[in-house]
Enquirer: 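Structure below; questions to follow.
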Number of protein chains: 2
Amino acid sequence: MNRQTAEALPTDIPAALLADARRRAVRAGDILFRQGDIPRTILFILSGEIRLVRHGPAGEEIILQRGRGGFLAEASLWSPRYHCDGVAAESGEILEIPREAFERVLEDDGDFQRAWMRHLAGEVRRLRAQCERLSLHGAAERVIHYLESEGEDGRVRLSQSRKSWARELGLSHEALYRVLRRLRDEGVVVAEGDTLWLRQGLKRR
Amino acid sequence: MNRQTAEALPTDIPAALLADARRRAVRAGDILFRQGDIPRTILFILSGEIRLVRHGPAGEEIILQRGRGGFLAEASLWSPRYHCDGVAAESGEILEIPREAFERVLEDDGDFQRAWMRHLAGEVRRLRAQCERLSLHGAAERVIHYLESEGEDGRVRLSQSRKSWARELGLSHEALYRVLRRLRDEGVVVAEGDTLWLRQGLKRR
DNA sequence: CGTACTTTTGAATCGCATCAAATCTGGTGG
DNA sequence: CCACCAGATTTGATGCGATTCAAAAGTACG
């Protein structure tokens, strides 16, 4: 998941964008925008992690997206209001690019335009994969689906705590710990620190 | 959900696209493409319903998207393979637009380009809403979330059977019937044929 | 008018959420 | 350097709600 932007967008941002961008440091917990705010800037994450978050009826956090590097909150470009909160999950640095500047460059720079559309299409694919994963009923199936679809060769380096991974999978953290334990005991999944992978040949159960 | 394309795209397709498009009738059950196929055309739905479908480990159907009118399978424009099946849910008509023609028009027609990006951004928003819904744990919460986010004023005209609505909500059809019954008994939801809506002031439980 | 599918209800089961509590971890300040 | 604290990790017990299996009634369509 933390690869998507790096591969979908040019590594170097067009100079015209950088000219108007404001660099800004953020710390864990900083709220960059709130649901209902009017989007005035596009965010580009230089380092750290920003999350798009909504809250369920009981107040629990629902993570819509975790961004580590690359543009964030793309959908809000065309919408009058943010439909979720933007929260820094750890300290890092971002670029704030004024919306008008972004739209101007998008208008003028054909290469950037193409890259941007590819980026959006990639987001659509990624979100569809997440919907598919959340449609699976078993905890084990979701974990395996995650390893298969987010990793390279079923190998994933987690860039977050297991607790927040659990929320991303739509599970309680206890359920995730338990299923990881079971999958490890059964030899389906191997865990080594932050890195998890599937032992090939054993994908089911 | 069946509004999204109509509002996000110009009602009239650019003439340059129509020139190369092939009109085609489909019947319920027709498979338009399969996961793994190489995308050669972009589909535009004139009537009927096309679904993007994947299959879970137990073979059960997972509906990634239902398209009623408008472009479909946009993400596949930039990807070498389809990542899901395309199946007609009912008889209808589609336009098949060759990929090269689509890319050419996208290159030349600035208005169409903007409309397309807006469309993609809308898809991202729609998918995020679906992820949020699937992250909710209770069946009632998902139904209410659907009515709130997909309807006008919490009022929705279902364009599908409740059984396939259940799959879209990530529920068994029995669970959906039961929760609808309960919500109706409690006076939270009113059902009148295909149309469902929330009785205002009572959103929880 | 028959057949296939949806809708609806019932009963039993199972998995996950929830509540609880102990341990471990990294980071902070004394 | 150590004590301390907040949060993550891990395990246990319990209950609820959704799945599953089953079956009947309703409905659409040829």
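A note on names: the letters A, B, ... follow the listed sequences, proteins ahead of strands, and every chain is numbered from 1.
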Enquirer: Rounded to whole Å, how long is the line connecting atom CG of L180(B) with atom C1' of dG17(D)?
Expert: 16 Å
Enquirer: Output yes when E186(B) and R182(B) qualify as a salt bridge under the 4.0 Å nitrogen-oxygen rule, no when they do not.
Expert: yes
Enquirer: What residues, two or more places apart in sequence or in another chain, satisfy side chain to side chain contact (heavy atoms under 4.5 Å, CB included) together with R24(B)?
Expert: R22(B), V26(B), L32(B), I94(B), E96(B)
Enquirer: Is it true that the side chains of E168(B) and Q160(B) contain a donor and an acceptor less than 3.5 Å apart?
Expert: yes
Enquirer: May I have the distance from E90(A) (atom CD) to dG27(C) (atom P), rounded to whole angstrom?
Expert: 12 Å
Enquirer: Choosing from dT19(D), dT11(D), dA17(C), which nucleotide comes nearest the side chain of R181(A)?
Expert: dT11(D)
Enquirer: Sequence neighbours left out, what passes salt bridge (charged side-chain N to carboxylate O under 4.0 Å, His left out) with E49(A)? Give chain and number order.
Expert: R51(A), R66(A), R68(A)
Enquirer: Would you please name every residue forming a ring-ring contact (aromatic ring centres under 6.0 Å, His included) with W165(B), sequence neighbours left out?
Expert: Y146(B)
Enquirer: Using 30° and 60° as the class limits, which term best fits the ring planes of H119(A) and W116(A): parallel, tilted or perpendicular?
Expert: tilted
Enquirer: Taking only nitrogen or oxygen atoms into account, show me every contact under 3.5 Å that the protein makes with nucleotides 11-15 of chain C, one pair per line with its distance.
Expert:
{"from": "dA11(C)", "atom 1": "N6", "to": "R178(B)", "atom 2": "NH2", "distance (Å)": "3.3"}

Enquirer: Taking the inter-plane angle between the rings of F33(A) and Y82(A) on a 0 to 90° scale, is it parallel (under 30°), tilted (30 to 60°) or perpendicular (over 60°)?
Expert: parallel
Enquirer: Between atom CG in L171(B) and atom P in dT20(D), what is the gap in whole Å?
Expert: 11 Å
Enquirer: Between E174(A) and R178(A), does any side-chain N to carboxylate O distance fall below 4.0 Å?
Expert: no
Enquirer: Assign S161(B) to base, sugar-phosphate, or nothing according to its heavy-atom contacts below 4.0 angstrom with the strands shown.
Expert: sugar-phosphate
Enquirer: Angle between the end axes of the helix from dC1(C)-dG30(D) to dG30(C)-dC1(D), five pairs per end, to the nearest 10 degrees?
Expert: 50°
Enquirer: Would you say the side chains of R133(B) and S149(B) form a donor-acceptor pair under 3.5 Å?
Expert: yes
Enquirer: Is R162(A) close enough to dA8(D) that one of its side-chain N or O atoms is under 4.0 Å from OP1 or OP2 there?
Expert: no
Enquirer: Polar-atom pairs under 3.5 Å, protein N or O versus N or O of nucleotides 21-24 of chain C: list them with distances, or write none.
Expert:
none

Enquirer: For the pair R114(A) and D111(A), find out whether any cationic side-chain nitrogen is under 4.0 Å from an anionic carboxylate oxygen.
Expert: yes
Enquirer: OP1 or OP2 of dT9(D) versus the side-chain N and O atoms of Y177(A): is any pair under 4.0 Å?
Expert: yes
Enquirer: Just how far, in rounded Å, is C1' of dT6(C) from CH2 of W165(B)?
Expert: 15 Å
Enquirer: For E123(A), is there an ion pair with R126(A) - N to carboxylate O distance below 4.0 angstrom?
Expert: yes
Enquirer: Would you kindly give the CD-to-C1' distance between E141(B) and dA18(D), to the nearest whole Å?
Expert: 13 Å
